[in-house]
Amino acid sequence: MAIFIGLTLVCEAKWFGHQAIVVESDAKVVLGWISTKEQRPWRWWKIFYELDCIIEQKKHISFQYISRESNRMADFLAKSSLQRNAPFKAWW
């Protein structure tokens with residue numbers, strides 16, 4: 001869900017389309033699901049369909065594995081989001 005929400009936010013930005021987007025994630029399994037449709041769990045099929053549509057429309061999106069230890073801020077934000085009742089979105 002974090003990848004989907006993040007890409008949705010980026011697509012809403014007015015500057016999107018002028019820069020390449022690299023999505024870094026420590027979730028190897030999820031990154032595998034993005035690249036290999038046959039392995040996706042059925043319960044997340046709708047989210048992946050919408051994600052596929054975003055990726056197809058915006059050709060300059062790439063995905064990269066990054067270890068959790070390499071990005072402590074992202075790890076902190078991911079863990080703190082588990083305690084929220086609703087998604088948190090921020091612009092910077």
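Heavy-atom basis, side chains included; hydrogens, waters and symmetry copies ignored.
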Would you mind writing out the side-chain donor-acceptor pairs for residues 41-56 within the sub-3.5 Å range, not counting sequence neighbours?
| from | atom 1 | to | atom 2 | distance (Å) |
| --- | --- | --- | --- | --- |
| Asp52 | OD1 | Arg40 | NH2 | 3.0 |
| Asp52 | OD2 | Arg40 | NH1 | 2.7 |
| Glu56 | OE2 | Lys59 | NZ | 2.7 |

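With sequence neighbours excluded, no residue satisfies side-chain contact (heavy atoms from CB on, under 4.5 Å) with Ala2. Under the side chain to side chain donor-acceptor pair (under 3.5 Å) criterion, Ser67 pairs with Ser70, not counting sequence neighbours.
Both Tyr65 and Leu7 belong to a common hydrophobic cluster when Ile, Leu, Val, Met, Phe, Trp and Tyr are linked at side-chain heavy-atom distances under 4.5 angstrom. Both Phe4 and Ile21 are part of a single hydrophobic cluster, where members link through side-chain heavy atoms under 4.5 Å apart. Under the 4.5 Å side-chain heavy-atom criterion for grouping Ile, Leu, Val, Met, Phe, Trp and Tyr, Ile5 is connected to Val10 within one hydrophobic cluster.
Looking only at side-chain heavy atoms (C-beta outward), Leu31 and Val23 stay at 4.5 Å or farther from each other.
From Phe63, atom CZ reaches atom CD1 of Ile34 across 4.5 Å, with rounding to the nearest 0.5 Å.
Using modelled atom types, one side-chain atom of Ser35 and one backbone atom of Gly32 make a donor-acceptor pair closer than 3.5 Å.
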